[in-house]
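First the structure, in the form of structure tokens, and then the observations on it.
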Amino acid sequence: MGIARVLTDFLNLFYPNICPICHNGLVRGEEVICTSCLYHLPRTRYWNSTDNQVAKIFWGRVNVENACSFFFFTKGSRYRKLLHQLKYTGRHDIGVKLGEEFGYELKKSEIYSSIDAIIPVPLHPKRFKERGYNQAEKIADGLSKGMGIPVITDVLVRNQYTQTQTKKTREERVKNVSEAFTIINPEKVENKHILLVDDVVTTGATLEVCANTILTGTSSKVSIGTLAYAYNF
């Protein structure tokens, strides 16, 4: 980790009124991220199309209704630091804020108008204890604010602590988490359209397994939404 990133993480930890992207001070009316950086966020606009690049990741693999991401997660982009800070420096407010902005977009989309509830990809209790929170749940909380739809966290649970997915192929990733999730309280989502939420989609392996777990364990329909799409990794 470079010195610049360490300093940025330190400043953002103790001075949350500084934009985590441009490091300028937030003015009255701005929350978490400044207006300029939100405006220039590289949004995918995939929520306006059913055949976008994120949706195509899951074609022929799992029967989801729709899938999209809020913004592009690319190498060299200054917006990459947002997910790092969300996951590793305690800045869960970033997840809530971006989730809320994402929710406003989805609420305007006819494609996602039938969503009944939001389910975040769960963490194993050991990982949750290490991190102190589930970043996907924070994103879901923001989405809930933006869409006016409830979050459900006691249906899809993670019952296995698995190895990191980094540097694994898609097939290896699917195998790694193939039995990591289970369903409890299925009656809470009977005949509902669920928005399954995570921070970033790369190969889609974890989301594929989670969606299949929901679809086989309940009578629900599933769509997928992530904050970021890592399309050039």
Side-chain angles (χ1 to χ4, degrees), residues 38-77 79-80 82-83 95 98-121 135-136 139-140 142-144 146-149 151-152 156 165 168-178 181 189 191-233:
L38 275 178
Y39 178 80
H40 290 100
L41 188 76
R43 304 179 189 221
T44 67
R45 310 289 177 186
Y46 284 170
W47 47 87
N48 295 320
S49 171
T50 58
D51 63 348
N52 64 74
Q53 293 304 307
V54 172
K56 290 177 181 178
I57 292 173
F58 303 98
W59 286 3
R61 296 182 179 274
V62 59
N63 187 29
V64 296
E65 304 298 308
N66 300 292
C68 71
S69 298
F70 187 33
F71 66 92
F72 293 109
F73 182 72
T74 60
K75 292 181 179 179
S77 169
Y79 290 94
R80 281 190 65 194
L82 289 173
L83 294 189
L98 290 176
E100 185 175 3
E101 295 294 324
F102 189 19
Y104 292 144
E105 298 287 6
L106 294 184
K107 188 174 183 178
K108 294 182 291 185
S109 170
E110 291 186 8
I111 297 172
Y112 292 87
S113 62
S114 65
I115 298 293
D116 297 304
I118 302 165
I119 292 182
V121 171
Q135 73 276 5
I139 296 164
L143 279 161
S144 178
M147 299 178 75
I149 292 170
V151 178
I152 298 177
L156 180 67
Q165 298 281 66
K168 293 182 182 296
T169 65
R170 181 187 177 106
E171 290 72 21
E172 290 171 338
R173 291 181 182 212
V174 170
K175 183 177 180 180
N176 186 42
V177 296
S178 61
F181 303 93
V189 293
N191 301 310
K192 293 185 182 297
H193 186 177
I194 300 300
L195 181 65
L196 177 65
V197 173
D198 206 359
D199 54 351
V200 61
V201 58
T202 49
T203 66
T206 298
L207 286 161
E208 175 187 334
V209 172
C210 285
N212 263 322
T213 302
I214 295 172
L215 290 169
T216 57
T218 74
S219 60
S220 305
K221 296 188 295 184
V222 176
S223 286
I224 288 172
T226 72
L227 271 190
Y229 169 38
Y231 73 95
N232 66 346
F233 280 66

Find out whether Leu195 and Leu143 are in side-chain contact, i.e. whether some heavy atom of one side chain is under 4.5 Å from a heavy atom of the other. yes
Point-to-point distance, once rounded to the nearest 0.5 Å, from CG of Asn191 to OG of Ser220: 7.5 Å
Are any of the side-chain heavy atoms of Leu106 and Cys68 separated by less than 4.5 Å? yes
Heavy-atom closest pair, residues Ala211 and Leu196: N-CD2, 3.7 Å
List the steps and the verdict of side-chain contact (heavy atoms from CB on, under 4.5 Å) for Tyr79 and His40. CA-CA 10 Å; Tyr79 290 94; His40 290 100; 3.4 Å; yes
Between Asn212 and Arg61 the two heavy atoms that sit nearest each other are ND2-O, 3.9 Å
Any donor-acceptor pair under 3.5 Å from Thr213 side chain to Val209 backbone: yes
Is any side-chain heavy atom of Phe73 less than 4.5 Å from a side-chain heavy atom of Thr202? no
Measure the shortest side-chain to side-chain distance between Val222 and Phe58 over non-hydrogen atoms and say whether it is less than 4.5 angstrom. no
Within the structure provided, determine whether Val200 and Thr226 are in side-chain contact (heavy-atom separation under 4.5 Å). no
Do the side chains of Tyr229 and Asn52 get nearer than 4.5 Å, heavy atoms only? no
Member of Ile119, Thr218, Leu215 meeting the side-chain contact (heavy atoms from CB on, under 4.5 Å) criterion with Ile194: Ile119
Which atom pair, heavy atoms only, marks the closest approach of Leu227 to Gly99? CD2-N, 4.0 Å
Ignoring hydrogens and geometry, is there a side-chain-to-backbone donor-acceptor pair from Thr44 to Ser69 under 3.5 Å? yes
I need the Glu65 CD to Thr50 OG1 distance, nearest 0.5 Å. 11.0 Å
If the plane angle is over 60° it's perpendicular, under 30° parallel, otherwise tilted; pick one for Phe70 and Phe102. parallel
Atom CG of residue position Asn63 - does it have more than 12 heavy atoms of other residues, nucleotides or ligands inside 6.0 Å? no
Quick one, Tyr112 and Ser223 - any side-chain contact, counting heavy atoms below 4.5 Å? yes
Could you tell me whether the side chain of Val151 reaches within less than 4.5 Å of the side chain of Pro120, counting heavy atoms only? yes
What distance do Leu38 atom CG and Arg43 atom CZ have between them, rounded to the nearest 0.5 Å? 6.5 Å
Going through the distances and angles, do Tyr104 and Lys107 end up as a side-chain contact (heavy atoms from CB on, under 4.5 Å)? CA-CA 5 Å; Tyr104 292 144; Lys107 188 174 183 178; 5.7 Å; no
What distance separates Ile224 CD1 from Leu207 CG, expressed to the nearest 0.5 Å? 5.0 Å
For the CG atom of Leu83 and the CG atom of Leu98, what is their distance to the nearest 0.5 Å? 8.0 Å
Between the CZ atom in Phe71 and the CD atom in Glu105, the distance rounded to the nearest 0.5 Å is 13.0 Å
Check whether any side-chain N or O of Asp116 sits under 3.5 Å from a backbone N or O of His193 as a donor-acceptor pair, and report yes or no. yes
